[in-house]
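These numbers come from a predicted model, not from an experiment. Lettering follows sequence order; numbering is per chain, from 1.
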Amino acid sequence: MGANLFVNYGEAVAAVLFGIGFGNLLLQKNLIKKIIGLNIMDSAVYLFLAEKGYIIGRTAPIVTGGVQSVEAYINPIPSGLVLTGIVVSVSVSALMLSLTIRLYRRYHTLDLDQISLMIKKEEET
Amino acid sequence: MSRKKTEQEYRKTFAFHFFRWLNGEKDPYLGEVEMKPQEPYKETEEEVKARIREKNMISRRLYGVAKSKEMKGLERFYKAASIIFCCILIYLLLFTVSYLPPVGTADRPVNNEVPQRYIENGLQETGAVNIVSGMILDYRAFDTLGESHVLFVATVTVLILLRLDKKKKNDGEISIEEAEANDRIYEPKNDAILQMAAFVLVPIIIIFGIYVILNGHLGPGGGFSGGAIIGAGLILYLNAFGFQKTERFFTEKTYKWISFGSLSFYCIAKSYSFFTGANHLHNIIPKGTPGAILSSGLILPLNIAVGLVVACTMYAFYAMFRKGGF
């Protein structure tokens, strides 16, 4: 372990959240809970990016008072990337939820194991 | 008579209704909110038996495999393996984090010449006071165009997946879509409290959203956040007053034309800007004075276009998940 684990506590929290979200994806059988796990992973990535761009003692990148030196503002690029990520995750969540609704209408369950068993049975007959 | 008002006039005032409500003479819900009671679920003994038999049969067929010893062992192994895998993943990520440069220092590799260029020349080159806004709508405008298209394509896909067809089955039994439509009949309508709150809140929310969009180049905000706020206001209006009211101004056709118009305007305007910029031609779009509302060239109209797309998308998602259409 390096020396910066407790200094980078925000990034450490993001790493733990990412692992929790991935565990949700693997362990939960309910499709809605799987989608929640994926959203937790998304949030972990946003937290990591926001921590990347932050610099102590500097303000948000909005030019105030004509000051235009790098010394005054935080890094604006991670903020823009988080914006992209949020939009894509909203679209992906909506898409996954609508697919879940279709599966529920067909099989009347949200349990992925039951759904795959039913599909296997349908293929046999 | 000492009263200033007659009985007839007094009956029309707010105080009359208020005191009636206070004394419990009138329930504001009775006769106002349309609520249709669902029929209580009854089943005969034979149906109960059939249900239990069916359930047992299904579980025997489905879990016949799962009940066996090997399957149980495999399931336990899968759970243990996935927990171990997640722990290893978290450990590896934490290990990497512990070797990253400390957060908050300026000499990290992320803070290279690219953000320096954006901060030092952004105001002169794009005219936007908000550097993030200038970055995503000027330097990286094609990225934002792609994002808007991602939203549009997601709406189209959700519409394909959740669309309810109007055709009826011949053999008399109701389809799943009709059953869901029947389910929506039992939702409470004309809720007085919700309608009053929406009456006050919806204009404020929508005006705030417009403010956030129009201030995208001057301060925190922009098309995406403002569009989401306007979408939330529209959803609140829809919840309070129902689909019949919103269909007067927002239908599938409106969505189609607003999305098409905004996206093609974005595409054409930004193509022009990139074309003139790459070939060193004179650009006819004025930059304006930084800090004024009409400044920073194309950023304000592009923000409006993005905001329209996002607001329509949010509303469309909600309407499709609730009703399967607009």
Side chain, backbone, both or neither: which part of [X] has a heavy atom under 4.5 Å from chain A?
| X | answer |
| --- | --- |
| B:Ile136 | side chain |
| B:Leu89 | side chain |
| B:Phe95 | both |
| B:Thr105 | backbone |
| B:Tyr139 | neither |
| B:Leu137 | neither |

So which part of [X] gets closer than 4.5 Å to some heavy atom of chain B, the side chain, the backbone, both or neither?
| X | value |
| --- | --- |
| A:Leu17 | neither |
| A:Ala3 | backbone |
| A:Ser69 | backbone |
| A:Leu81 | side chain |
| A:Phe48 | side chain |

- Query: Looking at CG of A:Leu97 and CE of B:Met320, how far apart are the two atoms once the value is rounded to the nearest 0.5 Å?
  - Reply: 12.0 Å

- Message: To the closest 0.5 Å, what do you measure between CG (A:Asn4) and CG (B:Leu100)?
- Response: 8.0 Å

Partner chain A: residue of [options] with the largest heavy-atom pair count (under 4.5 Å):
| options | result |
| --- | --- |
| B:Ala128, B:Ser225, B:Pro101 | B:Pro101 |
| B:Val153, B:Leu151, B:Val114, B:Thr96 | B:Leu151 |
| B:Thr144, B:Leu94, B:Thr313 | B:Leu94 |
| B:Thr157, B:Leu92, B:Ile83, B:Ile90 | B:Ile90 |

- Can you check whether B:Met314 reaches A:Val90 side chain to side chain, under 4.5 Å on heavy atoms? yes

- Between A:Ile101 and B:Leu161, is any pair of side-chain heavy atoms under 4.5 Å apart? no

- Query: If contact means a heavy atom pair closer than 4.5 Å, which residues of residues 215-224 of chain B contact chain A?
  - Reply: B:Leu218, B:Gly219, B:Pro220, B:Phe224

- Message: With a 3.5 Å distance limit and no angle check, can you tell me whether A:Asn8 reaches the backbone of B:Val103 through a side-chain donor-acceptor pair?
- Response: yes

- Answer yes or no: is there a donor N or O on one side and an acceptor on the other, between the side chain of B:Tyr78 and the main chain of A:Leu26, under 3.5 Å? yes

